[in-house]
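Scope of the values below: all heavy atoms of this structure, side chains included, with no hydrogens, waters or symmetry mates. Lettering of chains follows the sequences in order, A, B, ..., and the numbering in each one begins at 1.
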Amino acid sequence: MSELVAARRARLAALRERGVDPFTATRYDVTAHAADLAAKYADLGEQGRAESETWSLAGRIMAVRGQGGVIFFDLHDRTGRFQLFVRKNDAGEDAFAIAKQIERGDIVGATGFVFRTKAGDLSLYVQSFEVIGKSLQPLPDKWHGLQDKEKRYRRRYVDLTVNPHVRDVMILRSKIISEMRRFIDAQGFFEVETPVLLSIAGGASARPFLTHSNALDIPLKLRIATELYLKRLIVGGMERVYEIGRTFRNEGIDQTHNPEFTMLELYAAFWDVEDMMRFNEELMAHLARTVHGSETFLHGEEVISFATPFRRIGYLEAFKEYGGLEREQLLDPDSALRLLRDYGIPESPTHAHALDKLFERIVEPHLLQPTFVYGYPVVLSPLAKRMKDDPELTQRYELFAAHMELSNAFTELNDPDDQRKRFELQIAERAAGDDEIPPPDWDFVTALEYGMPPTAGIGIGVDRLVMMLTNNASIRDVLLFPLQRPLPENARDEDEEPAPTA
RNA sequence: GCGCCUGUAGCUCAGUCGGUAGAGCAGCGGACUUUUAAUCCGUUGGUCGUGGGUUCGAGUCCCACCGGGCGCACCA
């Protein structure tokens, strides 16, 4: 045990000797928070004392400044910081001796009245206090906080304690998601939950995580999208459904990818992709206003404007504008594969893959302000309805901003025969080496055979949207617990080595 | 998976040419009855990520491995 932990345990023992056990405390009757008191007494005059009203605060002690017969504490609660003032002459010998044992990190509840100190700081003149939790681990530096990224992610509880900015981002995330729900619910959507454990993980192209059911003795996969199940609900007549849920893709980890991430998928019967565009831009503008009070905000060095309407550009038109490429060069598979060589991009196993790579290289760098790119080729869009006047393209768009894909939406394919054909085409692509393409979900085709109304659907990467709105460059900084490789002492699989029981 | 960077006290960081490990904060002891990065005096604390190698001698040089970050590849 480290010396610092030993010192803290000694303080715990000292408290217990004085009849105070921080770990037996259960509840504390909190009547005020730091920010509330700061606002309420903002006008309190120089050295003023509001003795007629008493308040109870609780939180973690983040700084201790002892000065002989008085002690100042910085108490942090979820709203911010408030200073506590304890004076020996008022508290009495016994209570003051207990107060002297309180150290940085301890959890304290305090009751008293608000006054302004000589230095002008609002403080709580403590009339009584309780030590209701004890920190046995030393906290990081009070000035520099915790900088080490690895420790910040592995011990997020410490990061949250000492780096207030992290908590602010996570609170904003929470706010963004609840606003999202409010906005959607107001339009009559039902929030639903579809399975995470599946035999066929479809609805997107990605390698799934594999697991196993003991009860059924079958292999299972974690979902890579919620799409096919939400559309089954549209078939079932629910008309407007959405799910905000965790999705799992067994692929690379980098600044915009975590193996588990949160996606909003939403489906509306009787809408088409145009309706969805309007819904999408209104939602984005609403969230920007909620977070920033404005539709314009800073992302990195760039000013982004979520003011509606967003720019719209055709998929083929974008290639023409930014790369001078013609329709035939892209839609002909052999020609698209040749283009890869022209741009020095590694070979692709499929036409679809090649188009994605080309788009990423030629068009994406130009998409700073929010832009709907619509009319994706059907080879890229196995679940989208074709355009009426141009069956090689689909009624599908993706929304980009700050060079990131923020959403993907289309008028849903509801022709079961066409869907079957596209699945069959995917079988061929899978065989050709694109192992991210899932095997077909034939029951989904059966569902379409029962009849699905014309429907539009959308998927929004919630983490990326939060990154955008909170000006974070890394997905890890908007996730509370981003995936980290376990440390060696935790890496052992419990199933392999059952711990001996006493 | 590949490349670059990185790992030194609880935290934030120094550590020169290879010569036997340092600061600030935290901690500990003391002073101080309005401080707020409190101050002042004194002081403890280190398998230098792990394992090898080179060397009279390695935090420092070399190799391998383990974390982490960034870039590339893959993907949303």
Side-chain angles (χ1 to χ4, degrees), chain A residues 1-8 10-11 46-47 62-74 81-91 96 103-105 115-123 125 135-155 158-159 162-163 203-207 224-225 247-263 265 345-346 348-349 353 356-357 360 398-400 404-408 434-436 459-465 467 473-476 482 484-491:
Chain A
M1 177 171 52
S2 96
E3 184 191 3
L4 295 171
V5 173
R8 285 177 170 266
R11 294 247 193 163
E46 207 176 310
Q47 294 192 57
M62 292 303 289
V64 180
R65 292 176 294 279
Q67 223 202 325
V70 299
I71 308 175
F72 296 90
F73 297 99
D74 286 348
R81 180 200 89 108
F82 209 78
Q83 181 169 265
L84 308 182
F85 176 79
V86 180
R87 191 160 173 265
K88 189 178 190 177
N89 290 4
D90 298 305
F96 196 75
E103 58 192 328
R104 183 171 140 87
F115 77 114
R116 202 174 279 284
T117 64
K118 271 184 191 165
D121 202 5
L122 276 183
S123 302
Y125 203 110
S135 171
L136 296 173
Q137 292 284 350
L139 287 176
D141 191 280
K142 66 183 166 191
W143 190 241
H144 300 98
L146 187 65
Q147 302 297 325
D148 185 287
K149 285 195 175 177
E150 181 179 356
K151 277 189 187 119
R152 290 186 45 219
Y153 298 144
R154 287 191 195 277
R155 299 197 172 169
V158 179
D159 190 30
V162 299
N163 295 329
S205 293
R207 272 179 282 262
I224 59 174
T247 304
F248 308 86
R249 296 189 184 174
N250 203 345
E251 308 205 326
I253 300 175
D254 64 24
Q255 287 204 80
T256 54
H257 299 85
N258 193 64
E260 51 179 306
F261 61 103
T262 301
M263 200 152 60
E265 283 199 41
I345 302 170
S348 287
H353 190 267
D356 271 341
K357 295 291 106 186
E360 198 175 288
E398 290 199 359
L399 172 63
F400 292 85
M404 258 195 300
E405 184 197 328
L406 282 186
S407 37
N408 175 26
D434 196 340
D435 58 354
E436 284 168 6
I460 296 179
V462 172
D463 311 284
R464 287 179 179 186
L465 182 59
M467 285 168 65
S474 171
I475 195 169
R476 293 185 201 89
Q484 298 278 293
R485 191 180 289 279
L487 295 173
E489 63 262 34
N490 296 325

Need the pair for [N]. Rule: Watson-Crick or G-U wobble, both distances under 3.5 Å, any strand; none if unpaired.
N	value
B/rG67	B/rU6
B/rG57	none
B/rA21	none

Closer than 4.0 Å, any side-chain N/O of [X] to the OP1 or OP2 of [N]?
X	N	result
A/R485	B/rG67	yes
A/R65	B/rU34	no
A/K142	B/rU36	no
A/K118	B/rA38	no
A/Q83	B/rU35	no

Checklist entry - Which class fits the ring pair A/F85 and A/F72: parallel under 30°, tilted 30 to 60°, perpendicular over 60°? => result tilted
Round to a whole Å and report the spacing from [atom1] of [X] to [atom2] of [N].
X	N	atom1	atom2	result
A/N163	B/rC11	CG	C1'	11 Å
A/E3	B/rA9	CD	C1'	10 Å
A/R116	B/rU35	CZ	P	15 Å
A/N89	B/rC32	CG	P	13 Å
A/Y153	B/rG69	OH	C1'	9 Å

Item to check | Donor-acceptor side-chain pairing of A/D159 and A/Y153 below 3.5 angstrom | outcome: no
Checklist entry - Between the side chains of A/R65 and A/Q83, does any donor sit under 3.5 Å from an acceptor? => result yes
Checklist entry - Starting at the 5' end of RNA chain B and moving along, which residue's nearest nucleotide shows up first, A/Q255 or A/A206? => result A/Q255
Checklist entry - Taking 4.0 angstrom as the limit, do A/D254 and A/R476 come out as a salt bridge? => result no
Checklist entry - Which is true for A/R152 with a 4.0 Å heavy-atom rule: it touches a base, it touches only sugar-phosphate, or it touches nothing? => result nothing
Item to check | Polar pair under 3.5 Å, donor/acceptor by atom type, side chain A/D141, base B/rG10 | outcome: no
Checklist outcome for this item: Side-chain contact check for A/E103: nearest option of B/rC28, B/rG67, B/rU35 is B/rC28
